[in-house]
Amino acid sequence: MELKIVHFYSDLMSLYGSYANVSVLRRYLEALDCTVTVQPVRPGEGADITGADFLFMGAGTERAQRFAAGDFAQYGPAVKSLAEEGCAMLFAGTAMELLGASVTTKDGDTFDGIGLAAFTTAQGKRRIVGDVYGATDLFPEAVVGFMNKCGQIRGVETPLLTGLSLGYGNEAEQGPEGFHWKNVFASELTGPLLVKNPRLLDVIAAAICARRSIPLPEERPSFPYAEAGYAITAEQLKLRAEAKP
């Protein structure tokens with residue numbers, strides 16, 4: 001089976017090893033005997049993203065995010081149409097904010113997101129930096145990651161993480177974090193997210209395969225380095241969360 005991954009702005013939105021989300025997903029799908037093509041989307045070039053099986057945009061600085069937003073607007077209708085059809089996609093770090101209705105900068109300027117969801121982001125001068133340990137309804141294991149943001153995201157009705165034991169959520173300490181609707185996955189967590197969370201990688205790969213009627217084996221692809229890294233990180237962050245007063 002041939003699958004197409006669309007990677008938005010791999011140079012511009014590339015903080016914290018964001019590209020590795022695409023690398024590990026591609027490796028996972030190839031282990032299922034799929035042929036995977038990665039289509040880069042660069043600012044100013046225009047691209048046909050129809051027929052995509054997975055969309056990805058990674059983390060960028062607030063300046064890079066603002067620049068990306070101007071180009072990404074043209075893809076809004078296609079991204080929303082693909083989301084309705086059940087196409088899997090991941091928007092990590094500041095890319096998540098572009099899915100909402102608007103982003104207001106620390107200077108008070110406002111620019112539009114693509115309006116896939118109604119949430120809004122207000123960026124401030126204080127940066128929120130630190131590790132995150134949280135829960136999701138998608139699987140029993142914890143989700144781990146790193147956050148460096150300056151935005152509060154308000155109005156998310158269906159968060160990816162239902163609550164955090166450690167870290168800052170969309171708009172409050174230990175509150176819900178991220179956004180999840182159909183097969184749209186979004187989070188301010190970086191790291192990269194799919195390398196740090198093998199179960200989330202399983203879920204997204206399964207969504208891609210289900211849409212294309214690709215059967216999944218009982219024993220899923222597994223990457224020992226990722227599993228070991230997750231186990232250590234989750235254990236240490238759990239201890240830190242339990243030690244908090």
Side-chain angles (χ1 to χ4, degrees), residues 5-19 21-22 39-47 49 52 54-85 87-124 127-128 145 147-161 168-171 176-194 204:
I5 292 174
V6 172
H7 188 171
F8 287 100
Y9 318 130
S10 58
D11 292 332
L12 185 66
M13 303 290 282
S14 60
L15 293 178
Y16 309 113
S18 291
Y19 70 90
N21 286 301
V22 171
Q39 175 186 341
V41 176
R42 301 180 180 88
E45 292 186 356
I49 67 170
F54 179 72
L55 307 181
F56 175 72
M57 191 192 302
T61 66
E62 284 71 36
R63 183 177 180 182
Q65 176 205 44
R66 178 85 183 253
F67 184 80
D71 191 78
F72 189 52
Q74 67 182 299
Y75 300 105
V79 171
K80 288 188 278 188
S81 178
L82 285 166
E84 286 281 1
E85 295 169 11
C87 179
M89 52 190 78
L90 173 64
F91 288 78
T94 49
M96 170 183 166
E97 299 171 8
L98 299 183
L99 297 180
S102 66
V103 178
T104 300
T105 71
K106 65 181 181 180
D107 298 319
D109 298 327
T110 298
F111 59 91
D112 292 335
I114 65 167
L116 176 66
F119 62 77
T120 60
T121 301
Q123 297 174 347
R127 298 210 70 84
I128 300 164
M147 178 178 289
N148 183 350
K149 69 172 186 173
C150 66
Q152 284 193 322
I153 302 175
R154 301 183 177 94
V156 174
E157 297 181 356
T158 53
L160 179 62
L161 305 185
Y168 198 94
N170 288 331
E171 53 183 312
E177 199 283 327
F179 169 72
H180 177 224
W181 176 72
K182 292 193 173 184
N183 289 325
V184 179
F185 303 84
S187 173
E188 291 273 13
L189 301 188
T190 57
L193 195 56
L194 298 187
I204 289 179

Search all heavy atoms of [X] against all heavy atoms of [Y] and return the closest pair with its distance.
| X | Y | answer |
| --- | --- | --- |
| A83 | V184 | CB-CG2, 3.7 Å |
| L193 | S187 | CD2-CB, 4.1 Å |
| A122 | R154 | CB-NH1, 3.4 Å |
| W181 | L116 | CZ3-CD1, 4.1 Å |
| A118 | A101 | O-CB, 3.9 Å |
| A95 | G58 | CB-O, 3.3 Å |

Do the non-hydrogen side-chain atoms of [X] and [Y] ever get within less than 4.5 Å of each other?
| X | Y | answer |
| --- | --- | --- |
| E62 | K106 | no |
| F8 | M13 | no |
| K149 | T190 | no |
| P43 | L12 | yes |
| E177 | P159 | no |
| Q65 | F111 | yes |

Find the distance between [atom1] ([X]) and [atom2] ([Y]) and round it off to the nearest 0.5 Å.
| X | Y | atom1 | atom2 | value |
| --- | --- | --- | --- | --- |
| R63 | T105 | CZ | OG1 | 13.5 Å |
| E188 | Q152 | CD | CD | 11.5 Å |
| F91 | F179 | CZ | CZ | 10.5 Å |
| L55 | H7 | CG | NE2 | 11.0 Å |
| F54 | M89 | CZ | CE | 9.0 Å |
| N148 | L15 | CG | CG | 8.5 Å |

If only atom types and distance count, is the side chain of [X] paired as donor or acceptor with the main-chain N or O of [Y] below 3.5 Å?
| X | Y | answer |
| --- | --- | --- |
| T94 | A59 | no |
| Y75 | I114 | no |
| Q74 | D71 | yes |
| N21 | S18 | yes |
| D112 | S102 | no |

* Name the one of N170, L160, T121 that satisfies side chain to side chain contact (heavy atoms under 4.5 Å, CB included) with M96? ->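 Checked N170, L160, T121 against M96; only one passes side chain to side chain contact (heavy atoms under 4.5 Å, CB included): N170.
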* Carefully, step by step, assess V41 and V6 under the rule side-chain contact (heavy atoms from CB on, under 4.5 Å). => CA-CA 7 Å; V41 176; V6 172; 3.5 Å; yes
* If you count the non-hydrogen atoms of other residues, nucleotides and ligands that lie under 6.0 Å from CD in E85, is the total more than 12? ->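 Buried by this count: over 12 neighbours within 6.0 Å.
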* With the threshold set at 4.0 Å, does a side-chain nitrogen-carboxylate oxygen contact exist between K182 and E84? ->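 Result for this pair is yes, salt bridge flagged.
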* Once the angle between the rings of Y9 and F72 is folded into 0 to 90°, is it parallel (under 30°), tilted (30 to 60°) or perpendicular (over 60°)? -> perpendicular
